[in-house]
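This report refers to the structure that appears directly beneath it.
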2 protein chains.
Amino acid sequence: MPDQEPEMEIVHLLRAVTVELGAHSARFAQRNGMHPTDVRALIALMDAARAGEAVTAGHLGAALGLNSAGTTALVDRLERAGHVRRVRDERDRRRVTVEVDERAVALGRSHFGPLIGRAVELLRGYDERELAAIRGFLTGVREAAGDDGREPDHNDRG
Amino acid sequence: MPDQEPEMEIVHLLRAVTVELGAHSARFAQRNGMHPTDVRALIALMDAARAGEAVTAGHLGAALGLNSAGTTALVDRLERAGHVRRVRDERDRRRVTVEVDERAVALGRSHFGPLIGRAVELLRGYDERELAAIRGFLTGVREAAGDDGREPDHNDRG
DNA sequence: ACAAGTATCTCGTTCACCGAGACAATACCG
DNA sequence: CGGTATTGTCTCGGTGAACGAGATACTTGT
């Protein structure tokens, strides 16, 4: 067990954080009669809304790795629960854009708000250099997790 | 949109990291014909193995939030794929302990190894104070995500 | 107007997970 | 020791998310 390196403590800690955050989302899902996928969908939709982008059914499905049938079922479910609305795009009437309902946003805020607030509070306790370290580490890990299967296999992509 | 606070950048970054890490695990799962739950199970088993603890079928199911039927199905699947072995506990023969196969560990290492290696490499670039900041932030978030349903919703967990 | 292309939805199937309960082994109690 | 309660796992039947294939609706190019 080559776990001597002190850096491993933080690596395990990061993994523990992702597990806890996953469990936190799962609880939100279960409390509101949703599935993990539905929560992921709402988050993706809110991210897009924040960026000012409209999301079509197809985009949403692609972002979540679902096929068209699964995407339709997902949007049906969310719409039935009143979390999103289907809006036919008037420019291209084949398209259906999916918009989050305000109440779903509020619901999400009421669940994730305290956690986010706590995180912001924690971050306020650090100076610029410390913040840069946190930012740098997270950015590096995100990139490393994204470059995946680039090295391990011989597969040359793109 | 109260997103002015600069701390929010890091909060979104952390969320992006968890998304990427989730996608990374999902890719591992898919490449090896497994489901997300199977990967979570293997990780839980390896964590327990590292801590020197034996894991029974029941423990595993509880850790993953599955009922007994689902747990049996999970262990069946993992055993069929050769990732784990069922071992009857000789002390208490009602119990079935689940042991990870060495090849599953090796498989996991080959997938997650590069990512872990990159994280360790990143961490080596920081001094003690920066490491303490990273550790402190992650620990705080983990705890905040764990204290959940204590304040936020009206719903008192059962 | 017609063919080709694109976006979504419908249909039938598969499989993870659930609830209920069966079965096996142990612990408690006289 | 025998009997009953308890505990841990597995079996059975059912529900629903997601899949593959193909139908349907709209747009674009000629």
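Naming convention: chains lettered A, B, ... in sequence-line order (proteins, then strands); numbering from 1 in each chain. Just so it is clear, the model here is predicted, and its values are computed rather than measured.
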By nearest atom, which of the nucleotides D:dA17, D:dT27, C:dT8 is closest to the A:His35 side chain? D:dA17
Contact check, side chains of A:Arg88 and A:Arg95, non-hydrogen atoms, under 4.5 Å: no
For a 4.5 angstrom cut-off between non-hydrogen side-chain atoms, does B:Leu107 reach B:Arg103? no
Measure CE/A:Met34 against P/D:dA18 and give the value in whole Å, please. 12 Å
Which whole-number value in Å describes the distance from B:Arg93 CZ to D:dT7 C1'? 16 Å
Atom NE2 of A:His59 and atom P of C:dT8 are separated, to the nearest Å, by 8 Å
For A:Gly61, report the nucleic acid contact type (base, sugar-phosphate, nothing); a contact means any heavy atom under 4.0 Å. nothing
Inter- and intrachain pairs under ring pair (Phe, Tyr, Trp, His ring centres under 6.0 Å), touching residues 112-137 of chain B, at least two apart: B:His24-B:Phe112, B:Phe28-B:Phe112
To the nearest Å, give me how far apart CZ (A:Arg40) and P (D:dA18) are. 9 Å
Nearest of D:dT6, D:dC10, D:dG16 to any side-chain atom of B:Thr72? D:dC10
Closest to the A:Leu66 side chain: D:dA18, C:dA20, D:dA17? D:dA18
Think B:Arg95 has a side-chain N or O under 4.0 angstrom from the OP1 or OP2 of D:dG8? yes
A:Val55 backbone acceptor or donor facing A:Thr97 side chain under 3.5 Å: no
To the nearest angstrom, how far is B:Leu60 atom CG from C:dC17 atom P? 11 Å
Does C:dC18 have OP1 or OP2 sitting under 4.0 Å from an N or O in the side chain of B:Asn67? yes
Can you tell which of D:dC26, C:dC9, D:dC12 lies closest to the side chain of B:Ala69? D:dC12
Taking atom P of C:dC23 as reference, at what distance in whole Å does atom CZ of B:Arg88 sit? 15 Å
Is the shortest heavy-atom distance from the side chain of A:His12 to the side chain of B:Arg50 under 4.5 Å? yes
Side chain of A:Thr56 - closest among C:dC17, C:dT8, C:dC9: C:dT8
With a 4.5 Å limit on heavy-atom distance, are the side chains of A:Ile10 and B:Ile134 in contact? yes
Could you work out how much the helix from C:dA1-D:dT30 to C:dG30-D:dC1 bends, comparing the axis of its first five pairs with that of its last five, to 10°? 20°
Atom CG of B:Asp92 and atom C1' of D:dT9: how far apart are they, to the nearest Å? 11 Å
May I ask you to test the A:Leu78-A:Met34 pair for a side-chain heavy-atom distance under 4.5 Å? yes
Phosphate OP1/OP2 of C:dA7: any A:Ser68 side-chain N/O under 4.0 Å: no
Give a yes/no on whether any side-chain N or O of B:Arg77 is located under 4.0 angstrom from OP1 or OP2 of C:dC17. yes
Which residue lies toward the 5' end of DNA chain D, B:Thr71 or A:Asp38, if each is placed at its nearest nucleotide? B:Thr71
Nucleotide of C:dT8, C:dG5, D:dT9 approaching A:Arg94 most closely (side-chain heavy atoms): C:dG5
Between B:Leu64 (CG) and D:dT9 (C1'), how many Å, whole number? 16 Å
Under 3.5 Å, side chain of B:Glu99 to main-chain N/O of B:Val84, donor-acceptor pair present? no
